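Atoms within each ligand, like the ligands themselves, are counted from 1 in listed order. In this text, all values refer to a predicted model and were calculated from it rather than measured experimentally.
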Amino acid sequence: MAMWGGRFTKGMDPEFALFQRSLEVDWRLLEEDIEGSKAWAEALTEAGLLSREERDWLLASLGTIALAAENQDRPPEGTPAEDVHTFVEDALSAAGAVAAKLHTGRSRNEQMAADLRLFVKDVASDADAALLDLEEALLDFAGRTAQVPIPGYTHLRSAQPILFAHWALAYFEMFERDRGRLRDAVRRADLCPLGSGALAGCAFPIHREKIAKRLGFAGITRNSIDAVSDRDFAAEILGAASIGGIHLSRLSEDLILYSSPEFGFVELDESVCTGSSLMPQKKNPDALELIRAKGGRTLGSFTTLVATMKGLPLAYDRDFQDDKPPLFEGCDAWLGALRVAARVISGCRPNPDRCRAAASAGLSTATDAADWLVKRGVPFRAAHGIVGKVVRRCLDLGKDLATLPLEEYRAIDPTFDTSIFEAIKVEASLAARDVIGGTAPSRVAAAISDARNRLAEAKR
Ligand code: ARG
């Protein structure tokens, strides 16, 4: 039954009735909604509006509704209820007359705000756990590749050698920041709006802090208008999901390239790949491609939500009902991508020979040749020019820096001697980058152990 109707003389247009119904979507908030109603029943009792017997009946009946709905991922067939709040009230009313007292002093507007905040807190804790698992997988990978060089790229052209572990740690840092964004978002989401009424505040003496505490909120919202009409806590988690989704999509893209036969740096586990219905030889990185695609979904969800909110007058507007599809979709996309990404990384097997060969191929240590000249007093800009000529010569002769004869070097600049060939080795290039945050093996080893400590701390 509708929660309203007294002032109406006409029924709802059937097309509109379908259009405005949201139960299929907000069914997902049933548990939160019931918890909120239980807390409300307690508050009404403390305020002298319900007897203890009435409260006990309400709590028991709400519990029965929750139990019946457990593990049901959609509302019962044929339920006419408009939304999740109506569903609960209908179910209660069918059980007994006391149901008619529960909505005293409250509004669906604040109920929905409370449900959504609880949902966001829940998702944030799931996302944090999924991020930690992914970080752990990355650190294991870093441990397996702490001695394995690969080409580091800029513009997707080989730039300077790096350790494969250094690449993995770059993503570890991104995911740490994603966790930080979550923590920050939760701090603001963790406030209970109940007691705000439809917009002006509750007209009965309910104890807002107690309600908040009962629901596990850290505090209460400070303005009733804001509390029912603000969704920035939802936008923030979708913002975190969007940025996190972008990180995941870049990780995927790197691994799609690195696992291709052309690169061959890693072998993906077959359990996260698929074949082709036509081409028998194919082993496709579909898991990574779908993770990459989810970056579009999370960003799209964020955009949908904030565009829906833009320009709405205070306080609640029915537009708010459309906050849920993007919120759910964006969070699901992020969580799914995080969980699969951890599995992909865990099963990722590096191919050290291919990595090493690629890292030392061609001209990847040209910067080190220039640095060698700098150490002998040549100004860097001049050194850059000289090595540019060396590179040109290599290209013309079909040689690389290691196979170009010393006479060729010396013909370009007589400063060169045989020690240049030590300086342009991959190992020397790596070892030279001996700063905090650099790719020198000792620095990377320290970074791995630092990251492990941070992870252990986070898991405590
Ligand atoms: N289904 C609504 C929503 O999701 C619940 C609140 C309805 N409030 C109202 N005043 N019509 O936002």
Side-chain angles (χ1 to χ4, degrees), residues 1-8 10-13 15-37 39-40 62 65 69 74-76 79-93 99 102-123 189 192-203 215 221 224-235 237-238 301 304-332:
M1 224 191 40
M3 287 176 156
W4 42 268
R7 62 96 70 212
F8 284 78
K10 234 180 160 178
M12 207 183 265
D13 176 277
E15 193 72 34
F16 170 55
L18 274 179
F19 182 66
Q20 61 94 51
R21 217 169 153 263
S22 62
L23 183 64
E24 308 291 331
V25 175
D26 51 38
W27 177 255
R28 190 160 169 179
L29 298 169
L30 184 71
E31 198 185 315
E32 288 84 354
D33 206 65
I34 288 177
E35 285 311 305
S37 283
W40 193 250
L62 286 165
I65 298 169
R74 55 175 47 99
T79 311
E82 168 188 323
D83 60 19
V84 67
H85 323 295
T86 321
F87 174 84
V88 175
E89 186 159 312
D90 285 354
L92 270 184
S93 307
L102 180 61
H103 211 56
T104 307
R106 79 170 176 179
S107 158
R108 285 182 291 165
N109 301 351
E110 59 181 332
Q111 280 186 274
M112 194 44 98
D115 295 355
L116 288 174
R117 283 172 180 269
L118 288 171
F119 173 82
V120 162
K121 284 175 58 179
D122 213 43
V123 167
C192 184
L194 294 181
S196 299
L199 80 162
C202 183
L215 290 171
T221 54
S224 60
I225 304 170
D226 176 45
V228 296
S229 67
D230 148 69
R231 291 292 182 271
D232 58 14
F233 62 87
I237 193 148
L238 289 181
S301 304
T304 304
L305 179 73
V306 292
T308 304
M309 296 301 139
K310 181 183 175 300
L312 295 184
L314 291 180
Y316 178 86
D317 302 284
R318 191 66 181 273
D319 311 51
F320 280 85
Q321 180 165 300
D322 271 358
D323 57 5
K324 283 167 280 298
L327 178 62
F328 295 163
E329 191 190 11
C331 292
D332 289 345

Nitrogen or oxygen contacts under 3.5 Å, ligand 1 side and protein side:
residue, atom, partner, partner atom, Å
ligand 1, 1 (N), Asp83, OD2, 3.1
ligand 1, 1 (N), Gln321, OE1, 2.9
ligand 1, 4 (O), Lys324, NZ, 2.7
ligand 1, 8 (N), Asn109, OD1, 3.0
ligand 1, 10 (N), Asn109, OD1, 3.3
ligand 1, 12 (O), Tyr316, OH, 2.5

Counting only heavy atoms not in Gln321 (residues, nucleotides, ligands), do more than 12 fall under 6.0 Å from its CD? yes

On a heavy-atom basis, the closest approach of Phe87 and Pro76 is CE1-CD, 3.8 Å

N/O donor to acceptor pairs below 3.5 angstrom from side-chain atoms of residues 110-118, sequence neighbours left out:
residue, atom, partner, partner atom, Å
Glu110, OE1, Gly195, N, 2.7
Glu110, OE1, Ser196, N, 2.9
Glu110, OE1, Gly197, N, 3.1
Glu110, OE2, Ser107, N, 2.9
Glu110, OE2, Gly197, N, 3.4
Arg117, NH1, Arg188, O, 3.1
Arg117, NH1, Ala189, O, 3.1
Arg117, NH2, Asp230, OD2, 3.4

Which heavy-atom pair separates Asn109 from Ala198 by the least distance, and what is that distance? ND2-O, 3.2 Å

Do the ring planes of Trp4 and Phe8 sit parallel (below 30°), tilted (30 to 60°) or perpendicular (above 60°)? tilted

Test item: side-chain donor near acceptor, Thr86 and Asp83, under 3.5 Å: yes

